[in-house]
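The structure appears below as structure tokens.
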Amino acid sequence: MAELIVALDVASAAEVERVVDLLGEAVSFYKIGLELFSAEGPGVVATVKARGKKVFLDLKLHDIPRTVERAVKAGASLGVDLMTIHAVGGKAMIRAAKEAALAVGADAPKILAVTVLTSLDQGDLTDAGISRDVRAQVEVMGEFAFANGADGIVCSPREVLHMRTLLGPDALLVTPGVRPAGADVGDQKRVTTPAQAVRDGSTHLVIGRPILEAPDPRAAARAIAREMKGAHGEGGEYE
Ligand code: C5P
């Protein structure tokens, strides 16, 4: 069954504790990004893990293979469940990340690749010497990362159906940019609903503001989880 991941886009460890305690049993998976991790360090991962929750450590690693290998090892030793690397880091880097994760054993974190940051446009790719269009680059890098050991990719909900077809049934497809029907879309430009994202093949939905800024965050999380669960009806393909 697809899982809901709440993005902890908050400024401090104290705020993390407040949010995780407020959401309680309604949420069992949280994303910690570069900003929070840089500000609070590994202790913030421990804070979330100590409450029995899963952690997606979204640091988007991109460095020489040995450095990425050691960073993944450090993340794995914190007990994180998902980590991100950049697909453009190359074959050796992706394999090093995967091997470092597997070395942990049964609780190995899954490795997700970022293909093309959504902040980049065609001009940015051209500046970087890439002549493919953005969509083709997402496809090529997604297939490349998956073929070299990544467990899946982070992708827009509008790409998920196509990437499911390209990568097959086993790939993790983790999608931000999801909004319940009627919710404020904020700065997300290409959104879809939780049910649609799950029907299209997302395995994990990353959702922040529609939950964190709701008048009753726990009720908002529960409603989204219910919508995800009902997406396929009983026994859906990715449940
Ligand atoms: O508040 P919202 O639901 O938009 O949060 C989505 C989360 O996913 C944020 O942490 C955001 O940084 C992240 N994200 C995104 N779009 C991407 C990549 C990551 O919204 N393309």
Side-chain angles (χ1 to χ4, degrees), residues 1-7 27-31 54-58 60 80-88 94 97-98 101 108-118 120 132-183 185 188-211 220-239:
M1 193 170 83
E3 291 186 89
L4 168 64
I5 303 179
V6 171
V27 175
S28 57
F29 215 146
Y30 288 92
K31 178 171 86 80
K54 294 199 239 180
V55 171
F56 169 16
L57 186 57
D58 184 20
K60 300 186 178 70
V80 307
D81 302 275
L82 285 177
M83 289 184 81
T84 40
I85 58 174
H86 274 282
V88 288
I94 297 166
K98 182 61 182 171
K110 302 287 189 197
I111 302 296
L112 300 172
V114 173
T115 57
V116 179
L117 290 171
T118 47
L120 301 182
R132 285 187 204 105
D133 67 28
V134 173
R135 184 181 160 95
Q137 180 70 358
V138 167
E139 292 172 9
V140 167
M141 295 319 292
E143 287 187 293
F144 171 76
F146 194 62
N148 285 290
D151 297 289
I153 60 167
V154 180
C155 65
S156 136
R158 298 294 174 93
E159 289 158 0
V160 81
L161 188 59
H162 186 58
M163 294 312 292
R164 174 60 66 207
T165 309
L166 273 183
L167 302 183
D170 296 333
L172 301 181
L173 298 179
V174 177
T175 52
V178 177
R179 289 290 177 270
V185 299
Q188 297 282 9
K189 293 195 177 78
R190 300 169 74 223
V191 299
T192 193
T193 64
Q196 189 60 48
V198 172
R199 275 196 292 273
D200 287 348
S202 289
T203 56
H204 299 78
L205 308 191
V206 179
I207 302 184
R209 288 162 291 181
I211 292 172
R222 284 213 177 103
I224 289 170
R226 246 192 330 270
E227 186 181 331
M228 289 168 66
K229 210 168 167 202
H232 289 300
E234 291 297 309
E237 196 182 350
Y238 293 102
E239 289 196 273

Applying side chain to side chain contact (heavy atoms under 4.5 Å, CB included), run through Arg209 and Arg179 and close with a yes or a no.
CA-CA 9 Å; Arg209 288 162 291 181; Arg179 289 290 177 270; 3.5 Å; yes
For Arg164 and Ala171, indicate whether the former's side chain and the latter's backbone hold a donor-acceptor pair under 3.5 Å.
yes
Rounded at 0.5 Å granularity, tell me how far CD1 in Ile5 sits from NZ in Lys31.
9.0 Å
Identified side-chain contact (heavy atoms from CB on, under 4.5 Å) partner of Glu227 from the options Leu4, Thr193, Val178
Thr193
Do the side chains of Lys60 and Leu117 get nearer than 4.5 Å, heavy atoms only?
yes
Separation of Ser156 OG from His162 NE2 (nearest 0.5 Å)
12.0 Å
The single option from Leu112, Val160, Thr115 passing side-chain contact (heavy atoms from CB on, under 4.5 Å) against Cys155
Val160
Residue from Thr84, Leu166, Leu167 passing side-chain contact (heavy atoms from CB on, under 4.5 Å) with Ile153:
Leu167
Roughly how far, to the nearest 0.5 Å, is CD1 of Ile111 from CG of Asn148?
13.5 Å
Minimum heavy-atom distance Phe29-Val55, with the two atoms named
CE2-C, 3.7 Å
Give a yes or no answer on whether the side chain of Arg158 reaches the backbone of Val191 with a donor-acceptor pair at less than 3.5 Å.
yes
With salt bridge (Lys or Arg N to Asp or Glu O under 4.0 Å) as the criterion, how do Asp151 and Lys98 come out once you've worked through the C-alpha distance, each side chain's angles and the decisive distance to 0.1 Å?
CA-CA 8 Å; Asp151 297 289; Lys98 182 61 182 171; 2.8 Å; yes
Is there a side chain to side chain contact (heavy atoms under 4.5 Å, CB included) between Met1 and Val198 once you walk through the steps?
CA-CA 9 Å; Met1 193 170 83; Val198 172; over 6 Å; no
For a quick test of reading the model, state the closest non-hydrogen atom pair linking Pro194 to Met228 and the distance between them.
CB-CG, 4.0 Å
So, the side chain of Thr203 versus the backbone of Leu173: is there a donor-acceptor pair under 3.5 Å, distance only?
yes
Taking all atoms of both residues into account, what is the closest heavy-atom pair of Ala220 and Pro210, and its distance?
CB-O, 3.8 Å
Looking only at heavy atoms, the pair that brings Ala221 and Val27 closest together is CB-CG2, 3.6 Å
Minimal heavy-atom distance between Asp81 and Lys54, with the atoms involved, is OD2-CA, 3.2 Å
For residues Glu139 and Met163, determine if any side-chain heavy atom of one lies less than 4.5 Å from a side-chain heavy atom of the other.
yes
Strictly distance-based, threshold 3.5 Å: is any side-chain N or O of Arg199 a donor or acceptor partner for the main-chain N or O of Ala231?
yes
Before giving the answer on side chain to side chain contact (heavy atoms under 4.5 Å, CB included), spell out for Leu172 and Leu82 the whole-Å C-alpha distance, their side-chain angles and the decisive distance to 0.1 Å.
CA-CA 10 Å; Leu172 301 181; Leu82 285 177; 4.0 Å; yes
State, to 0.1 Å, how close Asp200 and Pro157 come at their nearest heavy-atom pair, and which atoms those are.
OD2-O, 4.2 Å
